[in-house]
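The structure appears right after this line, and notes come after that.
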Amino acid sequence: MTPTLPTVVIPFTQLQDKDADLSMKIEEGFGPDGLGILSVSGVPGYTLLRQNLLNLAPRLANLPEKVKNELEDPQSRYNFGWSHGKEKLESGKPDLLKGSFYANPILDKPTTDAALIQRYPAYCGSNIWPQSTMPELEIAFKSLGKLILDVGLLVAYHCDKYVSKETGMPHNEGIEQIVHRSRCHKGRLLYYFPAENSNDSQDSESMSSWCGWHTDHGSLTGLTYAVFTKDGVEIPCPDSTAGLYIKTRTGQIVKVVYKEDEIAYQIGNITEILSSGRLCATPHCVRAPKGEKATGLERSTFALFMQPDWDEKLVFPEAGLGHVRQELIQANESLTFGEYTEKLLDKYYHQKM
């Protein structure tokens, strides 16, 4: 049986204290033997902002198709606005199980440079809000996104403190400053449509039935605890095997749990590379609930992808490359985050952004 482990938890009051030594907790959560995830408890205002946004996900997903089509942005490969059925499951089938709404919670228009928008549409594009049909979405999305970013910057500060103890890394090269400087953070509001029959829904037997195995690409990802609803009423998840699974450094698969009022943070590949492997990104997936009680169940959640600016110059230290994308990057090579992303897409997706 797959073990279930709680995340390492840091109370917000401790995180706020810049003099606090949280290196043991950072190492336990993000270090080479960690799960690549930790959570922050007791963040003021978080519970209400989470509820406000996640309650809008079913309404957004059930807007008329004509309205949702107007919220699509093919130019950015559906990385802004509404996206449904544009991504593929591991089986290669279109992913019709979930709909996503993407936006930058900090900047509506990160740049007006047409050449940059054409080269990096997923980073440099503009937000698309349903102003006339759901004006409250913009307010709720930005409020939660900004809070998760602010708390994420504190997590990044303590990560830098932990890494620089060993490496003497300059302050402006740490995750905190990289994330702080960036103009291209991306929020993703996710809505999982109710399965008509949860035992024969697409790929339901697989552990990664709701979200395939992947490792986050950027610096740091903030995650909310999901809300489950049935017929419009919030209920606890009816299947204890459903949820987030992580593959550890030793190849063991574990289910990871954190509380409803905690914000979880996961390390991305860029941070693993730049920290010379002292902070570790781990592959993870999401398993859908199964069984009769899961029929008609909806799930809403939110992720904030904190990533470097497209123009951020990154120097890739030899020690950090480890198992990560070695065939793409030379040791001590310098690339912008935008160039790194292009290399990644060319190699793994054979297409430009």
Side-chain angles (χ1 to χ4, degrees), residues 53-54 56-111 114 116-131 133-134 137-138 140-142 144-145 182-193 202-203 208 210-218 221 223 268 285-286 298-307 310 337-338 340-353:
L53 181 60
L54 298 193
L56 295 177
R59 275 181 53 201
L60 175 68
N62 289 298
L63 286 173
E65 288 305 316
K66 182 179 179 294
V67 175
K68 288 188 291 193
N69 290 345
E70 287 166 7
L71 297 172
E72 288 186 344
D73 183 21
Q75 167 81 27
S76 70
R77 289 181 50 244
Y78 303 94
N79 276 285
F80 283 94
W82 176 251
S83 170
H84 180 224
K86 310 301 178 194
E87 297 170 41
K88 286 190 166 58
L89 292 164
E90 288 170 329
S91 61
K93 296 179 202 166
D95 183 358
L96 300 171
L97 301 174
K98 58 180 175 284
S100 298
F101 184 84
Y102 295 97
N104 181 330
I106 311 303
L107 296 167
D108 278 319
K109 197 187 270 280
T111 178
L116 279 172
I117 294 166
Q118 193 175 356
R119 184 173 180 184
Y120 305 129
Y123 298 148
C124 299
S126 298
N127 289 336
I128 307 167
W129 300 108
Q131 301 288 15
T133 44
M134 272 183 83
L137 178 67
E138 179 180 351
F141 196 107
K142 287 179 172 177
L144 183 62
S182 178
R183 292 165 288 174
C184 60
H185 303 306
K186 185 65 63 77
R188 182 184 189 184
L189 179 62
L190 283 136
Y191 172 76
Y192 292 77
F193 289 92
Q202 290 179 345
D203 300 52
S208 53
W210 250 352
C211 178
W213 283 103
H214 67 286
T215 305
D216 292 347
H217 159 59
T221 304
L223 298 169
C285 72
V286 182
E298 308 162 279
R299 177 181 185 259
S300 305
T301 192
F302 178 77
L304 178 68
F305 301 99
M306 291 161 263
Q307 47 204 11
W310 60 85
F337 181 64
Y340 170 72
T341 306
E342 283 179 328
K343 279 194 165 203
L344 212 57
L345 287 168
D346 285 347
K347 170 80 183 169
Y348 292 97
Y349 302 101
H350 314 295
Q351 58 199 19
K352 285 274 184 199
M353 270 183 73

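What you see below is based on every heavy atom in this structure, not just the backbone, and it leaves out hydrogens, waters and symmetry mates.
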Exercise. Excluding sequence neighbours, so at least two apart, what forms salt bridge (charged side-chain N to carboxylate O under 4.0 Å, His left out) with R183?
Worked result: D309, D311

Please check if any side-chain donor atom of [X] sits under 3.5 Å from a side-chain acceptor atom of [Y], or the reverse.
{"X": "E298", "Y": "Y192", "answer": "no"}
{"X": "D73", "Y": "W82", "answer": "no"}
{"X": "N127", "Y": "D108", "answer": "yes"}

For this session: Quick one: do Y78 and Y102 satisfy ring-ring contact (aromatic ring centres under 6.0 Å, His included)? Show the steps, please.
Result: CA-CA 8 Å; Y78 303 94; Y102 295 97; 9.6 Å; no

For this session: For side chain to side chain contact (heavy atoms under 4.5 Å, CB included), just list the numbers for E342 and Y120, CA-CA rounded to whole Å, side-chain angles, deciding distance to a tenth of an Å, and then say yes or no.
Result: CA-CA 9 Å; E342 283 179 328; Y120 305 129; 3.7 Å; yes

Considering only heavy atoms from C-beta outward, does the side chain of [X] approach that of [Y] to under 4.5 Å?
{"X": "F80", "Y": "Q75", "result": "no"}
{"X": "S300", "Y": "P58", "result": "yes"}
{"X": "K68", "Y": "E72", "result": "no"}
{"X": "L116", "Y": "W310", "result": "yes"}
{"X": "T221", "Y": "M306", "result": "no"}

Exercise. Can K142 and E138 be said to form a salt bridge (charged side-chain N to carboxylate O under 4.0 Å, His left out), step by step?
Worked result: CA-CA 6 Å; K142 287 179 172 177; E138 179 180 351; 2.6 Å; yes

Exercise. So, do H185 and Y123 have ring centers that fall under 6.0 Å from each other?
Worked result: no

Exercise. How about Y191 and F101: are their ring centroids closer than 6.0 Å?
Worked result: no

For this session: Start with the C-alpha distance between Y340 and H217, add both sets of side-chain angles, then the distance that settles side chain to side chain contact (heavy atoms under 4.5 Å, CB included), and finish with yes or no.
Result: CA-CA 10 Å; Y340 170 72; H217 159 59; 3.5 Å; yes

For this session: On the 0 to 90° scale, with breaks at 30° and 60°, tag the F302-F141 ring pair as parallel, tilted or perpendicular.
Result: perpendicular

